[in-house]
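Heads up, the thing below is written out as structure tokens.
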Amino acid sequence: MLLNRSAARAVNISDLRELARRRLPRMVFDYIDGGADAEFTLRENSRVFEGVRLRPRCGVALGACDLRTRGLGHELELPILLAPVGSSRLFWPRGEEAAASAAGRARTAYILSTLSGTRLENVSAASSGPCWYQLYLAGGREVALRGMARAKAAGFSALVVTIDTPVAGLRERDLRNGVRELLTRRIGAMLPFLGQLALRPRWLLGFLGDGGLMTFPNVELASGPMPYADVGAVLEQSVVCWDDLRWIRDAWGGPIAIKGVLSGDDARRAVDTGADAVVVSNHGGRQLDGVAPTLEVLPEIVAAVGQRTEVLLDGGIRRGSDVVKALCLGARAVLVGRAYAYGLGAAGEAGVARALEILRADVLRTLKLLGCRAVAELDPSYVELPGSWRGACRGGAKSYRDD
Ligand SMILES: Cc1cc2nc3c(=O)[nH]c(=O)nc-3n(C[C@H](O)[C@H](O)[C@H](O)COP(=O)(O)O)c2cc1C
């Protein structure tokens, strides 16, 4: 694995983001970087971490710190998993395989999106670690059954069902960049937007060498793999309701996480439906703009179901201290999306490995500075929350005045 020299020098996730911005065409970079509507929730997801203050215990002698956690039956070396990120093949040739391989080397889990451009069998073969499969009911239950059977046969050990996507969010950057027009494959409509691809010849060569315009090979419709242009319409017809979740649980017969939970009520319902884990997620601010940042709703969800199930969180994580804050507030582990997608866009597998290494070193350093020897020992007493987080201070977190 050749580590691109600039990616090796990346000090933080922002550096990887900048490298990805320079290598990718604008429409691909904005697809990763952007959010829904006014991008309020996208910004808040990261900003909220700044409001949570750390309360170290100094003068504590620590040996090696223990970063291990467990997730859906797996021992993970890091409390950081790779979130499902659709169409990763746009960022780097066979991008899903590259990311899964980096996750396996870091001894953590990779979650493959239904809407990936790479066959799930190849992704599982590329990773030496656990792989989980994220399910959309794209194409209906029969199509989902085929996907689940293939995932099981290929060794995917858990299913992650996303419930926050009854319709694709409005990503204004995608509209401005001509994503719709580029997918029509009609040269007249595409022409005004082709310049951004020509400006990135190295990316273009890699993309064309990897087969060019994609299908979704894990969504096998009667007519063949789902074509790329159909995705918006398909999502609208694939709403996952609670009845579907019961059906999915029985059809899968293994561990299930429900992703996209934002309230204690929905978390309870998810657990009553048979979820082994819930992922507190607003889809990285890409779906309903205006919902609360995930870290802020985490205490409510931990209070509702933390004793009965594993609680994971994603959204806005760019630093190891963000990971630590989420764990202090009761998350078992976090998922990162953009943090590794920037690395993938910057330098492929080496870039994902660098993103994970940056976050791993950050978490380790933060633990040492906090005076805590293991991620499993983090608790709310290590943080201080803004006073505006009504009712979130149960369980030991202090609050400070933020007016
Ligand atoms: C480019 C991109 C594509 C995504 N595709 C999917 C997907 O196919 N399925 C899904 O459940 N979530 C998807 N997500 C959401 C992520 O799984 C995750 O919830 C989100 O990225 C977390 O926020 P973060 O990017 O700030 O870490 C996607 C996110 C991004 C950035």
Side-chain angles (χ1 to χ4, degrees), residues 13-14 16-17 20 24 27-36 39 41-49 80-92 95-96 99 109-118 120 123 132-138 147 159-166 168-169 171 173-174 177 179 214 216 218-219 226 228 231-232 234-235 238 240 257-262 278-288 291 293-295 312-320 322-323 326 331 333-345 352 355-356 359:
I13 300 298
S14 286
L16 289 174
R17 176 178 181 273
L24 298 172
M27 60 160 282
V28 178
F29 176 75
D30 277 348
Y31 165 67
I32 300 173
D33 196 59
E39 301 188 340
T41 297
L42 170 68
R43 286 189 299 278
E44 285 293 292
N45 268 353
S46 289
R47 198 199 54 80
V48 71
F49 285 98
I80 303 165
L81 293 75
L82 300 197
V85 167
S87 306
S88 295
R89 238 187 82 197
L90 286 175
F91 320 156
W92 192 267
E96 291 87 356
Y110 174 74
I111 308 173
L112 176 70
S113 166
T114 296
L115 299 179
S116 65
T118 310
L120 60 85
V123 174
W132 302 351
Y133 187 61
Q134 179 265 324
L135 187 74
Y136 283 130
L137 284 183
L159 200 66
V160 177
V161 186
T162 301
I163 59 167
D164 60 12
T165 314
R171 321 258 166 81
R173 298 197 212 182
D174 290 356
N177 292 335
V179 170
M214 304 167 0
F216 294 112
N218 304 316
V219 185
M226 188 172 93
Y228 202 69
V231 66
V234 164
L235 281 178
S238 63
V240 178
I258 295 187
K259 174 171 179 281
V261 172
L262 288 173
V278 293
V279 185
V280 182
S281 173
N282 54 34
H283 218 108
R286 301 165 74 81
Q287 285 298 112
L288 181 60
V291 297
T294 46
L295 189 72
L312 309 174
L313 170 135
D314 73 24
I317 289 173
R318 305 290 183 267
R319 291 186 176 274
D322 300 341
V323 179
V334 301
L335 280 53
V336 293
R338 293 181 183 83
Y340 87 82
Y342 295 138
L344 186 61
V352 179
L356 282 170
L359 293 173

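Every number for a ligand or one of its atoms is a count from 1 in the order of the listing.
- For the ligand labelled ligand 1, residue S281 lies inside the 4.0 Å heavy-atom shell.
- Looking from atom 9 (N) of ligand 1 to the surrounding protein, the closest heavy atom is Y136 OH, 3.0 Å.
- How far CH2 of W132 is from CD1 of I111: 5.5 Å, rounded to the nearest 0.5 Å.
- If you number the atoms of ligand 1 from 1 as listed, the ones under 4.0 Å from a heavy atom of T162 come out as 10 (C), 11 (O).
- Residue contact annotation: N45 has no non-hydrogen atom under 4.0 Å from ligand 1.
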Step-by-step side chain to side chain contact (heavy atoms under 4.5 Å, CB included) determination, N218 to L112: CA-CA 10 Å; N218 304 316; L112 176 70; 4.1 Å; yes

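- Each of the atoms 18 (C), 19 (O), 22 (C) of ligand 1 lies under 4.0 Å from some heavy atom of D314.
- Near I32, meaning under 4.0 Å from one of its heavy atoms, ligand 1 places the atoms 1 (C), 31 (C).
- With a 4.5 Å cut-off on side-chain heavy atoms, R17 and R318 do not count as touching.
- At the top of the distance list for atom 15 (C) of ligand 1, counting protein heavy atoms only, stands H283 CD2, 3.5 Å.
- Applying the 6.0 Å contact sphere to CZ of R319 captures no more than 12 heavy atoms from other residues, nucleotides or ligands.
- In this structure, G316 counts as a contact residue of ligand 1, since one of its heavy atoms falls inside 4.0 Å of the ligand.
- The single protein non-hydrogen atom nearest to atom 31 (C) of ligand 1 is R286 NH1, 3.4 Å, given as residue, atom name and distance.
- Checked against N282 for a side chain to side chain donor-acceptor pair (under 3.5 Å), the options D164, T294, N45 give a single hit: N45.
- For atom 27 (O) of ligand 1, the nearest non-hydrogen atom from the set G337, P293, G260 belongs to G337.
- Between the choices K259, Q287, R338, the shortest heavy-atom distance to atom 10 (C) of ligand 1 belongs to K259.
- When the heavy-atom distances from atom 28 (C) of ligand 1 to P84, G34, A138, S116 are ranked, the shortest goes to P84.
- Close contacts between ligand 1 and R318 involve ligand atoms 24 (P), 26 (O), 27 (O) [criterion: under 4.0 Å to a heavy atom].
- Listed by number with element, the atoms of ligand 1 under 4.0 angstrom from any heavy atom of S113 are 7 (C), 8 (O).
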